[in-house]
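A quick write-up on the structure given underneath.
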Amino acid sequence: MVDPRITRLAENLIYNAIQMKKGENILIETTDTPDELSTELIKVVEKVGGNAFVRNTNSRVRRQAIKSASKEQLEIQAELSLAEMKKMQCYLAIRGADNAMENCDIDDDKMLMYRKMTKETLDYRVNKTRWCVLRWPNPSMAQGAKMSTEAFEDFYFEACLADYPKMSAAAKNLVDLMNKTDKVRLVAQGTDLTFSIKGIGAVPCCGNMNIPDGEVYTAPVRNSVNGVIQYNTPTLYEGKQFGNIRLEFKDGKIVNATCESGDNKKLNAIFDTDEGARYVGEFAIGFNPYVKEAMCDILFDEKIAGSIHFTPGMCYEDAPNGNQSAIHWDLVLIMRPEFGGGEIWFDDKLIRKDGLFVVDELKCLNPEQLG
């Protein structure tokens, strides 16, 4: 018997997050997930009257495919993948990642080539399809969250099936305020950063694109970022872990990048992927009331209540600042008191302190209101 939470999640993804319509095509890519999930998704797509194209794989197979691929093979794969994506109106990826470190021993040059070869397909998928990406709960993720497997599964479904209509209504005031804001200042332990978001536009994420959801994002004016930011959550990038990343900016560009844990050479190699990798493509404020702790999984960590993420790399077309890159690396700073606190200022007015919104029109986004 299928867990009813899987059926509910499948329905939420197709009906609400993707908003699939009759006659549309959807590519469903799963990694390290149970068959029941794929079959439930196919059933819901059939009810809509759509066409489900499903690709199931696992992380060990994917690792070996990347390690063994020649440049010519990657070029062919990139061509085939882009042609397939151009037939799709919708895209859904669900990634279990039995071992989050699976790609840690792939050669850096090979990963750089892989990123560059897949960029065109990624850009098309992000900007031309209705898409949603999420994780699947497993013992590996439970360990990262320091929970039992059963407790993590309960947390996962609670966070993923939050009251998104209520969240969406509450986020409107933040969108309006960000659309009127010029100067932003972030202050926290090891952080004092200023930038402009004038004219970029703010986008709410409340049950679409990523699940669990709960953020409003924009982008800094490309050359406006100055100061330093010290992220306080661990992060994975293509199987390599980094902790306490510190970035210094001058006129929008990362001029110094270090980390307290992890390989500084590899860290800078990521930021040297291309010119745009040292500029920022996204600034976002997270507020999912059920996600409280970092678990080294960005799809959860970037939604942490009381957090921000400040993202080197590619910008989104709906919040464009002109930055193009093969990377998009969401790095998270939690500003709640137990993580050292912090402040967000808009045009010299304090709008959030120690993870809680302090202006009346935004208090509806605080955890006690959304939870």
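- Side chain of Arg115 to backbone of Thr273: no donor-acceptor contact under 3.5 angstrom is found.
- Judged by distance alone, the side chain of Asn366 and the main-chain N or O of Glu368 form no donor-acceptor pair under 3.5 Å.
- Checked for salt-bridge contact, Asp123 and Lys119 meet the test: a charged N lies under 4.0 Å from a carboxylate O.
- For the side-chain hydrogen bond (donor to acceptor under 3.5 Å, both in side chains) criterion with Arg222, the lone passing option out of Asp251, Asn321, Asn323 is Asn323.
- Note that the CG atom of Leu41 and the CD1 atom of Ile26 stand 7.5 Å from one another [nearest 0.5 Å].
- No side-chain donor-acceptor contact under 3.5 Å links Ser68 to the backbone of Ala65.
- Placement of Met314 and Val332 in two distinct hydrophobic clusters is found when ILVMFWY residues are connected by side-chain heavy-atom separations under 4.5 Å, directly or transitively.
- The aromatic rings of Trp136 and Tyr156 sit perpendicular, their planes meeting at an angle over 60°, well past the 30° parallel limit.
- Within the 4.5 Å cutoff, no side-chain heavy atoms of Pro234 are placed close to those of Asn244.
- Once rounded to the nearest 0.5 Å, the distance linking CH2 of Trp345 with NZ of Lys353 reads 8.5 Å.
- With respect to the salt-bridge test (charged N to carboxylate O, under 4.0 angstrom), the residues Arg135 and Asp297 qualify.
- No donor-acceptor pair under 3.5 Å is formed between the side chain of Asn25 and the backbone N or O of Ala52.
- Linking ILVMFWY residues whenever their side-chain heavy atoms come closer than 4.5 Å, directly or via other members, places Ile285 and Leu186 in the same cluster.
- We find that Glu238 and Lys266 are not joined by a salt bridge, their nearest charged nitrogen and carboxylate oxygen being 4.0 Å or further apart.
- Residues Leu37 and Ile94 meet the side-chain proximity criterion, which asks for heavy atoms closer than 4.5 Å.
- Summarising the geometry of Asp301 relative to Ala294, their closest heavy-atom pair is OD1-CA, 3.4 Å, with the distance given to 0.1 Å.
- In Lys128, the NZ atom is not crowded: 12 or fewer heavy atoms of neighbouring residues, nucleotides or ligands sit closer than 6.0 Å.
- Applying the 6.0 Å contact sphere to NZ of Lys110 captures more than 12 heavy atoms from other residues, nucleotides or ligands.
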**OP:** Carefully, step by step, assess Arg63 and Asp105 under the rule salt bridge (Lys or Arg N to Asp or Glu O under 4.0 Å).
**Re:** CA-CA 9 Å; Arg63 167 189 171 274; Asp105 57 355; 3.0 Å; yes

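- Between Lys67 and Asp107 there is no salt bridge, since no side-chain N of the basic residue sits under 4.0 Å from a carboxylate O of the acidic one.
- Between Asp3 and Arg5 a salt bridge is recorded (basic side-chain N to carboxylate O distance below 4.0 Å).
- With respect to Arg95 and Glu29, no salt bridge is recorded, no charged nitrogen being found less than 4.0 Å from a carboxylate O.
- Side-chain contact between Met295 and Phe152: present, with at least one pair of heavy atoms (C-beta onward) separated by less than 4.5 Å.
- Once rounded to the nearest 0.5 Å, the distance linking OH of Tyr237 with CD1 of Ile245 reads 11.0 Å.
- Taken from CE in Met117 to CG in Leu82, the straight-line distance is 13.5 Å, to the nearest 0.5 Å.
- A 6.0 Å sphere centred on NZ of Lys166 holds more than 12 heavy atoms belonging to other residues, nucleotides or ligands.
- Here the rule is ring-ring contact (aromatic ring centres under 6.0 Å, His included) with Phe242, and of Trp329, Phe271, Tyr231 only Trp329 fits it.
- Checking Glu361 against Asn173 by side-chain atom types alone, no donor-acceptor pair falls below 3.5 Å.
- Separating the SG atom in Cys315 from the OH atom in Tyr279 is a distance of 14.0 Å, to the nearest 0.5 Å.
- Grouping the Ile, Leu, Val, Met, Phe, Trp and Tyr side chains by contacts below 4.5 angstrom, directly or via other members, places Val61 apart from Leu27.
- For the atom pair CZ (Arg278) and OG (Ser325), the distance works out to 11.0 Å, reported to the nearest 0.5 Å.
- Judged purely by atom type and a 3.5 angstrom limit, Arg130 uses its side chain to pair as donor or acceptor with the backbone of Ile18.
- In plain terms, the two heavy atoms of Asp182 and Ser196 that are nearest each other are OD1-OG, 2.7 Å.
- Inter-residue side-chain proximity for Glu302 and Asn210 is flagged as met; some heavy-atom pair is nearer than 4.5 Å.
- Phe300 has its ring centre less than 6.0 Å from the ring centre of Phe155.
- Using a 30° and 60° split on the angle between ring planes, Phe283 and Phe195 fall in the perpendicular class, above 60°.
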**OP:** Any chance you could lay out the salt bridge (Lys or Arg N to Asp or Glu O under 4.0 Å) test for Lys250 and Glu248, step after step, and finish with the verdict?
**Re:** CA-CA 7 Å; Lys250 182 175 175 56; Glu248 294 181 28; over 6 Å; no

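- A heavy-atom distance below 4.5 Å is not found between the side chains of Leu333 and Phe310.
- In this structure, the side chain of Thr33 does not engage the main chain of Thr30 through any donor-acceptor pair within 3.5 Å.
- Crowding of Glu150 atom CD: a count of heavy atoms from other residues, nucleotides or ligands under 6.0 Å not exceeding 12.
- Within a 6.0 Å radius of CG in Asp35, other residues, nucleotides and ligands contribute 12 heavy atoms or fewer.
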**OP:** Step by step, work out the side-chain contact (heavy atoms from CB on, under 4.5 Å) result for Phe357 and Ile344.
**Re:** CA-CA 9 Å; Phe357 292 99; Ile344 302 176; 5.8 Å; no

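- Other residues, nucleotides and ligands contribute more than 12 heavy atoms inside 6.0 Å of the CD atom of Gln64.
- Distance alone, capped at 3.5 Å, places no donor-acceptor pair between the Asp354 side chain and the Arg336 backbone.
- When only modelled atom types and interatomic distance are considered, Thr31 and Asn58 share no side-chain donor-acceptor pair under 3.5 Å.
- Between Arg185 and Asp192 there is a salt bridge, with a side-chain nitrogen of the basic residue lying less than 4.0 Å from a carboxylate oxygen of the acidic one.
- Side-chain atoms of His309 never come within 3.5 Å of backbone atoms of Asp330 as a donor-acceptor pair (strictly under, hydrogens ignored).
- In this structure, Asn223 contributes its side chain and Gly252 its backbone to no donor-acceptor pair below 3.5 Å.
- The closest side-chain donor-acceptor pair between Asn103 and Tyr114, if any, does not fall under 3.5 angstrom.
- Ion pairing between a basic and an acidic side chain is recognised when a charged N comes within 4.0 Å of a carboxylate O; Glu40 and Lys43 show such pairing.
- Side-chain contact check for Ile351 versus Leu177: some heavy-atom pair is nearer than 4.5 Å.
- With contacts defined as side-chain heavy-atom distances shorter than 4.5 Å, the pair Met147/Asp154 does not qualify.
- There is no side-chain donor-acceptor pair under 3.5 Å between Thr258 and Asn264.
- The shortest heavy-atom contact between Gly190 and Val228 is O-CG1, 3.7 Å.
- At distances below 3.5 Å, at least one donor-acceptor pair connects side-chain atoms of Asp32 with backbone N or O atoms of Ser59.
- Note: the hydrophobic cluster containing Val175 also contains Phe346 (ILVMFWY, side chain heavy atoms under 4.5 Å, direct or indirect links).
- Looking only at side-chain heavy atoms (C-beta outward), Leu9 and Thr7 stay at 4.5 Å or farther from each other.
- A donor-acceptor pair shorter than 3.5 Å cannot be found between the side chains of Asn226 and Thr194.
- The 12-atom threshold is exceeded at CD of Glu84, counting heavy atoms of other residues, nucleotides or ligands nearer than 6.0 Å.
- Counted within 6.0 Å of CD on Glu120, heavy atoms from surrounding residues, nucleotides or ligands total 12 or fewer; the atom is thus considered open.
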